[in-house]
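Right, one structure below, let's go through it.
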There are 2 protein chains.
Amino acid sequence: MTVSKAAEKSAEATAKGAEAARARKDAPDDAGEALQLGELSEQLGYVLKRAQLKVFENFLHCMASLQLTPAQFSVLLLVEKNPGRNQTEVASTLGILRPNFVAMLDNLESRDLCARIRSTNDRRSHILVLTDKGKAVLSRAKKLVATKHEARLNELLGGANREALIAMLSKIANEF
Amino acid sequence: MTVSKAAEKSAEATAKGAEAARARKDAPDDAGEALQLGELSEQLGYVLKRAQLKVFENFLHCMASLQLTPAQFSVLLLVEKNPGRNQTEVASTLGILRPNFVAMLDNLESRDLCARIRSTNDRRSHILVLTDKGKAVLSRAKKLVATKHEARLNELLGGANREALIAMLSKIANEF
DNA sequence: CGATATTTGATATGGTCCATAACAATTATC
DNA sequence: GATAATTGTTATGGACCATATCAAATATCG
């Protein structure tokens with residue numbers, strides 16, 4: 001920004017709200033008046049967070065019939081892929097702190113989706129396994145995610161872009 | 001779960017768990033034993049959330065000297081770009097609920113970064129403006145973000161990919 | 001072996017963010 | 001001019017995240 005422009009801006013700004021308000025009121029149709037996002041729409045963190053909220057919202061909507069949150073779905077997926085691991089291992093790979101993982105497992109276990117089993121090798125640890133119901137629910141959940149959730153992303157971005165997006169996000173998650 | 005089913009599960013699971021544990025112990029180098037992420041690494045929500053956490057973490061680190069959170073930065077940016085708007089307008093464009101916006105503004109105002117001004121048109125509303133200090137801090141914040149934060153993304157993805165990523169995330173945020 | 005340290009699941013607790021209800025002051029509507 | 005709607009605010013509760021701490025079990029080391 002040039003100096004003169006800055007001066008103009010400053011003067012305009014000191015006269016500030018009143019003038020801006022009048023200018024808006026003089027506009028043809030004075031209903032919506034959306035704010036200018038400006039540089040915000042280029043900020044990685046801003047757009048990333050808003051996209052994440054939208055995706056989670058859609059995920060919850062798709063999973064309404066199964067009552068699974070994204071976090072719960074990730075636990076079921078991980079336990080299915082890695083049976084016989086204990087709470088500490090599963091929690092830490094998901095970035096969940098052990099204390100906070102307890103209530104989460106209490107919930108899944110109370111719904112008979114997974115089970116804690118005392119390890120015979122190390123009687124301190126609880127080994128995690130999916131129940132039959134847990135496997136069935138997870139199977140249905142996967143189908144719902146594929147057909148309703150990820151399919152939505154495909155029709156929005158296209159398959160190639162979808163893969164590129166996942167790859168870039170993974171890179172950020174792992175190397176940033 | 002029925003009693004009989006529980007008993008079956010318990011037996012099957014203990015066997016599977018022990019088997020898996022032995023299998024891992026027989027592995028060549030038995031140190032880390034990272035879990036298999038499996039389909040999780042392809043889940044949009046999962047990778048999106050983890051990327052967002054990493055980006056926010058890096059943002060806070062870059063902003064340590066200015067003590068600005070991503071949300072605070074977004075408020076300053078929006079108020080700078082749209083002077084003379086009231087709390088409701090600014091909060092709603094950022095997806096912040098008015099009640100929660102109050103404490104946020106209290107904080108920024110107590111640090112003399114922005115100011116609430118009673119509107120003369122509508123004495124209910126408070127018009128938001130950046131203070132001189134607020135403008136100066138925001139200016140420094142922008143430089144920090146550009147040189148330390150977004151630059152990091154550029155060297156990780158490359159400029160073209162960075163723009164493509166922002167564009168796709170924006171599309172998701174707006175059209176998903 | 002036995003004393004000490006570490007690990008595991010769990011509880012308690014506090015902080016932050018998000019969401020809703022309700023309120024006084026002000027303005028809009030009829 | 002009575003009623004409804006809006007603005008900023010407070011109070012409050014829930015969800016999520018982080019730390020300290022504990023008992024039980026195991027590992028470590030003298």
Side-chain angles (χ1 to χ4, degrees), chain A residues 17 21 25 30-33 45-46 49-50 52-54 56-57 59-60 67-75 79 84-110 114-129, chain B residues 17 21 25 30-33 45-46 49-50 52-54 56-57 60 67-75 79 84-110 114-128:
Chain A
K25 283 211 166 178
D30 190 23
E33 303 213 26
Y46 177 75
K49 171 90 183 208
R50 294 203 83 108
Q52 184 257 317
L53 289 175
K54 271 290 184 71
F56 269 42
E57 183 185 7
F59 184 97
L60 287 174
Q67 286 286 88
L68 282 183
T69 69
Q72 290 168 339
F73 180 66
S74 71
V75 170
V79 171
R85 298 303 192 114
N86 64 28
Q87 299 183 195
T88 299
E89 293 173 312
V90 172
S92 81
T93 44
L94 290 176
I96 304 173
L97 294 173
R98 276 82 58 175
N100 301 328
F101 195 47
V102 173
M104 210 170 153
L105 275 184
D106 288 347
N107 181 353
L108 293 177
E109 202 173 20
S110 73
C114 80
R116 297 183 239 222
I117 302 174
R118 288 225 102 89
S119 168
T120 54
N121 304 339
D122 185 341
R123 291 166 41 81
R124 291 171 297 184
S125 59
H126 292 170
I127 274 178
L128 298 182
V129 188
Chain B
K25 283 212 165 174
D30 189 23
E33 303 212 24
Y46 177 75
K49 171 91 183 208
R50 294 202 83 107
Q52 184 257 316
L53 289 175
K54 272 289 184 71
F56 270 41
E57 183 185 6
L60 287 173
Q67 285 286 88
L68 282 183
T69 69
Q72 291 168 338
F73 180 67
S74 71
V75 170
V79 171
R85 299 301 193 117
N86 64 29
Q87 299 183 197
T88 298
E89 293 172 311
V90 173
S92 80
T93 39
L94 291 176
I96 303 173
L97 295 173
R98 277 80 62 184
N100 301 328
F101 196 46
V102 174
M104 210 172 153
L105 274 184
D106 288 346
N107 181 353
L108 293 177
E109 201 172 21
S110 73
C114 79
R116 296 184 239 222
I117 303 176
R118 287 225 103 89
S119 168
T120 54
N121 304 340
D122 187 341
R123 290 168 42 81
R124 291 172 297 185
S125 60
H126 291 171
I127 274 179
L128 299 181

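To find a chain, count down the sequence lines: A is the first, B the second, and so on, and within it residues start at 1.
Of the two residues near DNA chain C, Gln87(A) and Ser119(B), the one whose nearest nucleotide lies more 5' is Gln87(A).
With rounding to whole Å, Asn86(A) atom CG is found 15 Å from dA24(D) atom C1'. Rounded to whole Å, atom C1' of dC18(C) lies 14 Å from atom CD of Glu57(A). Between the CZ atom of Arg98(A) and the C1' atom of dT11(C) there is a distance of 15 Å, rounded to whole Å. Put simply, CG on Asn121(B) is 14 Å from C1' on dT7(D), counting in whole angstrom units. Atoms CZ (Phe101(B)) and C1' (dA19(C)) sit 17 Å apart, rounded to a whole Å. Rounded to whole Å, the distance from CZ on Arg118(B) to P on dG8(D) is 9 Å. Ile96(A) has its CD1 atom 16 Å from the P atom of dT19(D), to the nearest Å. Distance, Asp106(B) CG to dG8(D) C1': 11 Å, rounded to whole Å.
For Glu109(B) (side chain) and Arg116(B) (main-chain N/O), a donor-acceptor pair under 3.5 Å exists by modelled atom type.
Between Thr120(A) atom OG1 and Ile127(A) atom CD1 the span is 6.5 Å, to the nearest 0.5 Å. Rounding to the nearest 0.5 angstrom, the gap separating the NZ atom in Lys49(B) from the CZ atom in Phe59(A) is 12.5 Å. Atom-to-atom distance recorded for Asp122(A):CG and Asn86(A):CG is 8.0 Å, nearest 0.5 angstrom.
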Pull out every protein N or O sitting under 3.5 Å from an N or O of nucleotides 2-4 of chain D, one pair per line with the distance.
none

All N/O contacts under 3.5 Å from nucleotides 13-16 of chain D to the protein, with atom names and distances to one decimal?
none

Distances under 3.5 Å between nitrogen or oxygen atoms of protein and nucleotides 2-5 of chain C:
none

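Nearest approach of Arg124(B) to Arg118(B), heavy atoms of both residues: O-NH2, 4.2 Å. Closest heavy-atom contact between Phe56(B) and Gly45(A): CE1-O, 3.5 Å.
Considering Asn107(A), Leu108(A), Val75(A) in turn, Leu108(A) is the only one that fulfils the side-chain contact (heavy atoms from CB on, under 4.5 Å) rule with Cys114(A).
At a threshold of 4.5 Å between non-hydrogen side-chain atoms, the residues Leu128(B) and Leu105(B) count as touching.
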Under 3.5 Å, which donor-acceptor pairs link side chains of residues 92-103 of chain B to any protein atom two or more places apart or in another chain?
unit_1, atom_1, unit_2, atom_2, d
Ser92(B), OG, Thr88(B), O, 3.4
Ser92(B), OG, Glu89(B), O, 3.3
Thr93(B), OG1, Glu89(B), O, 2.9
Thr93(B), OG1, Val90(B), O, 2.8

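Among the nucleotides dA25(D), dT10(D), dG9(C), the one closest to any side-chain atom of Val102(B) is dT10(D).
In this structure, the side-chain contact (heavy atoms from CB on, under 4.5 Å) partners of Thr69(A), at least two apart in sequence or on a different chain, are Leu60(A), Ala71(A), Gln72(A).
Note on Thr88(B): a side-chain N or O is less than 4.0 Å away from OP1 or OP2 of dG8(D).
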Checklist outcome for this item: Per-nt protein contacts along nucleotides 20-25 of chain C (heavy atom under 4.0 Å; B base, S backbone sugar-phosphate only, - none) come out as BB---B
